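Note that the structure is predicted; figures quoted are calculated from it, not measured. Hydrogens, waters and symmetry mates are skipped; everything else that's a heavy atom, side chains included, is used.
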Amino acid sequence: VDIELVVQGAPAEGYEVSEFILEPSTVKIKAPSYLLEEIESIPTQPLELDGMERTTRKIIYLDLPEGVEEVEQEPLRVTVVLEQVEQVEQ
């Protein structure tokens with residue numbers, strides 16, 4: 001299933017997120033069939049963006065619903081690509 005990246009906060013003033021690169025972007029799970037029918041994606045634990053000032057790589061973890069297990073446990077890596085925003089003086 002797809003992995004849903006959950007983010008909180010915002011980068012430092014003058015920066016904006018141009019891209020999130022999630023590796024891997026899908027995960028194999030196992031769960032009772034009644035749960036599998038309901039699951040379209042698995043969320044991550046929140047990734048905190050507050051104060052970020054440069055492109056950053058982090059390890060993040062899944063927030064698995066009760067009764068769901070990850071089949072192949074491997075670290076999730078997310079790259080947060082930031083761009084500096086030009087400040088327009090008025």
Side-chain angles (χ1 to χ4, degrees):
V1 297
D2 289 337
I3 297 173
E4 175 190 347
L5 180 62
V6 177
V7 295
Q8 288 182 340
E13 189 173 328
Y15 294 88
E16 67 181 15
V17 175
S18 66
E19 182 178 16
F20 293 105
I21 302 168
L22 188 59
E23 302 170 69
S25 60
T26 61
V27 64
K28 290 182 182 180
I29 59 171
K30 70 177 182 178
S33 59
Y34 71 91
L35 284 176
L36 288 175
E37 292 171 3
E38 303 286 318
I39 295 174
E40 294 181 17
S41 64
I42 298 288
T44 64
Q45 293 180 353
L47 171 65
E48 190 61 55
L49 299 180
D50 279 344
M52 254 186 217
E53 296 179 325
R54 61 182 170 294
T55 295
T56 305
R57 287 193 75 173
K58 292 193 174 238
I59 301 289
I60 58 173
Y61 302 94
L62 294 175
D63 189 9
L64 292 169
E66 191 170 324
V68 177
E69 295 178 34
E70 192 176 352
V71 172
E72 297 171 0
Q73 293 187 349
E74 60 179 279
L76 298 174
R77 292 172 302 280
V78 63
T79 303
V80 182
V81 181
L82 295 185
E83 289 183 350
Q84 198 162 11
V85 179
E86 289 186 35
Q87 301 293 323
V88 178
E89 305 235 357
Q90 296 181 355

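Within the 4.5 Å cutoff, the side chain of M52 has heavy atoms near those of the L82 side chain. At least one side-chain heavy atom of L22 sits less than 4.5 Å from a side-chain heavy atom of I60. Looking only at side-chain heavy atoms (C-beta outward), I42 and D63 stay at 4.5 Å or farther from each other. Contact of the E53 side chain with the P11 side chain is not registered, since no non-hydrogen atoms from C-beta on lie closer than 4.5 Å. The shortest distance between side-chain heavy atoms of F20 and V80 falls below 4.5 Å. Y15 has its side chain out of reach of E83: every pair of non-hydrogen atoms, C-beta onward, lies at least 4.5 Å apart. Inter-residue side-chain proximity for I21 and E19 is flagged as met; some heavy-atom pair is nearer than 4.5 Å. With contacts defined as side-chain heavy-atom distances shorter than 4.5 Å, the pair E70/L64 qualifies.
Annotation for P24 and P75: closest pair CD-O, 4.0 Å, computed over non-hydrogen atoms. When all heavy atoms of A31 and V68 are compared, the pair lying nearest together is CB-CG2, 3.9 Å.
Going from atom CD1 of I59 over to atom CG of L47 covers 11.5 Å, rounded to the nearest 0.5 Å. A distance of 12.5 Å separates CD of Q84 from OG of S18, quoted to the nearest 0.5 Å. Atoms CD1 and CG, from I3 and L76 in turn, are 4.5 Å apart once rounded to the nearest 0.5 Å.
Take K30 and apply the side chain to side chain contact (heavy atoms under 4.5 Å, CB included) test, not counting sequence neighbours, and it matches E69, V71.
Hydrophobic clustering places V1 together with V78 (ILVMFWY residues linked when any side-chain heavy atoms are closer than 4.5 Å, directly or through intermediates). Residue L49 is not grouped with residue Y61 when hydrophobic side chains (ILVMFWY) are merged at heavy-atom distances under 4.5 angstrom, including chains of intermediate members.
In this structure, R77 places its CZ atom where more than 12 heavy-atom neighbours from other residues, nucleotides or ligands lie under 6.0 Å away.
Cluster partners of V6 are absent, since no Ile, Leu, Val, Met, Phe, Trp or Tyr has side-chain heavy atoms less than 4.5 Å from it. Cluster partners of V85 are absent, since no Ile, Leu, Val, Met, Phe, Trp or Tyr has side-chain heavy atoms less than 4.5 Å from it.
Checking side-chain atoms of T56 against main-chain N and O of R54 turns up a donor-acceptor pair under 3.5 Å. Between the side chain of D2 and the backbone N or O of S41, no donor-acceptor pair lies under 3.5 Å.
Under the 4.0 Å criterion applied to side-chain N and carboxylate O atoms, E48 and K58 are not assigned as salt-bridge partners.
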